[in-house]
Amino acid sequence: MPDNLPRLAPSRPRPRTGIVHLGLGAFFRAHGAVYIAEAMERAGGDWGIIGVSLKSPATRDALAPQEGAYTAVELAPEGTRPRVIEAVTEVLVAPEDPEAVLARMADPAVRIVTLTVTEKGYCHHPATGAPDTDHPDIAHDLAHDLPKSAPGYLVRALQRRRAAGGRPFTVLTCDNLPGNGALVKGIALDLARRIDPDLADWIAAEGRFPATMVDRIVPATKADDIETVAGLTGRDDRAPVMHEPFRQWVIEDSFVDDARPALEKVGAELVQDVTAFEHMKLRMLNGTHSSLAYLGYLAGHETIAACAADPVFAAYVKHLWAEEIIPVLTPPENTDLADYARALFRRYENPAIRHRTWQIAMDGSQKLPQRILGTLAENRKAGREAPGLCLAVAAWMHYVGGIGLDGQPIDVRDPLADRLRGLCDGAAGTARVEALLGVESIFPRDFARDHAAPLRDAYARLTSLGAREAVRALLP
Ligand code: CS2
């Protein structure tokens, strides 16, 4: 890094606050915050964002000296475009000062709380959608006024707003979960009812929890990205985000008192029903991302672009779309799924995006159901085989054992990592398939019964042929 570069700083006065965001990771800073910044530039409005990190102080430590400004760098095959985003006005670290976070969320100037807390941040049972009341953070939040979990913050802040005679905020979840609005609403109502049934009734009547589909590929920022940005901009920015050109945000247009930024003016789609968009994106993008992540990792591919450049994996992902995923999807209006698949493949090929298979492989226990298992179940219902997706699940089953097909250890990150590892340690070969299929929070009982045989078969092929050859053997 060249010495003495000036530290990045905002170029204009901070906007007034209208939004609190929970989970200030790279994704939101490269997606939602960019749309919101553009909407303020285009149409005005007090939609400055107070970002909250629920765990680590790292983002706050990097952003505070820059007063919330950071560079979002678009990485296209034809070149790189940096741009400074100035929508974030303040960053708080929840465990350091939960009272400050609740006070901001209770401020009537805040009209929307957005969330990117990842699948596991909702502390729910994926199979039923109900909050996991045995989760230590949820148990804590039910017993204390100052919360720890994202759902706890939502409910305690809404409780304060009601007590002050105010209006609720809109809860806008931006995580890759099916029916994400209804899911977070159900969790909030369940917790609120345990605290105060009148609070739950008020939230049910007055609150709004729009569903969303969010899309932009944003790999985790790497140490050398900071140097790249310094070289590009001549500024020292310790918190840049790197992203692809493509972006999409489909939002159910249901906000408390209709208060929201003019997102429709900057390309977001405000619609009545997000469901078809959500299924398309979760199954076609995230489903193949996860399939490439496990199989690609086991085959020695470091990134999605490396998978897309390997003819065997390129043919595999196209096979998944054409033969196993699109046939059981209902397209959103005016959308051609074959075109969508072609565009996805071009996004995967983008050599400027270094999106690690290891990163996408994280938290598979929270991701597989909505990304892959639903598609498998629907193929079965239609009497079709889906060997490509079975092989992806088999690869996950190998991956979570913590040892690659090459005998090297794997750093498995997953809230269920210890339990999954334990099941794998006690079971060799296809017995592992049976043991993992017994984890009911991932695999519903019917699914486990119907898919035991094809998964045993896929697992045996994976371990005898290796990942790449097992993929090749599937292809015509
Ligand atoms: C990825 C997503 O990490 C993952 O699991 O599949 O983050 C993906 O890049 C985004 O959903 C794209 O919109």
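Sequence positions, counted from 1, serve as the residue numbers for this chain. Everything numeric in this text was worked out from a predicted model, so none of it was measured. In each ligand, atom 1 is the first atom listed, and ligand 1 is the first ligand listed.
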Location of contacts on [X] toward ligand 1, heavy atoms closer than 4.0 Å:
{"X": "Lys367", "result": "side chain"}
{"X": "Arg371", "result": "side chain"}
{"X": "Asn176", "result": "side chain"}

Inset, instruction - Return yes if a side-chain donor-acceptor contact under 3.5 Å exists between Gln248 and Glu269, otherwise no. - result: yes
Inset, instruction - Kindly state whether the ring of His289 and the ring of His355 have centres lying under 6.0 angstrom apart. - result: yes
Legend entry - Sub-6.0 Å ring centroid separation between Tyr35 and His31: yes
What is the closest protein heavy atom to [atom], and at what distance does it sit?
{"atom": "atom 13 (O) of ligand 1", "answer": "Asp215 OD1, 2.6 Å"}
{"atom": "atom 2 (C) of ligand 1", "answer": "Asn286 ND2, 3.6 Å"}
{"atom": "atom 1 (C) of ligand 1", "answer": "His289 ND1, 3.4 Å"}
{"atom": "atom 11 (O) of ligand 1", "answer": "Lys281 NZ, 2.7 Å"}

Inset, instruction - Classify the ring geometry between Tyr122 and His124 as parallel (under 30°), tilted (30 to 60°) or perpendicular (over 60°). - result: perpendicular
Inset, instruction - Measure the CD1-CZ distance between Ile49 and Phe28 for me, rounded to the nearest 0.5 Å. - result: 4.0 Å
Inset, instruction - Supply the atom-to-atom distance Glu324 CD to Leu376 CG, rounded to the nearest 0.5 angstrom. - result: 7.5 Å
Inset, instruction - Indicate the atoms forming the closest heavy-atom contact of Val34 with Ile85, along with that distance. - result: CG2-CD1, 4.0 Å
Inset, instruction - Take every heavy atom of His355, measure it against each atom of ligand 1, and state whether any distance is under 4.0 Å. - result: yes
Legend entry - Backbone or side-chain N or O of Arg347 under 3.5 Å from ligand 1 N or O: no
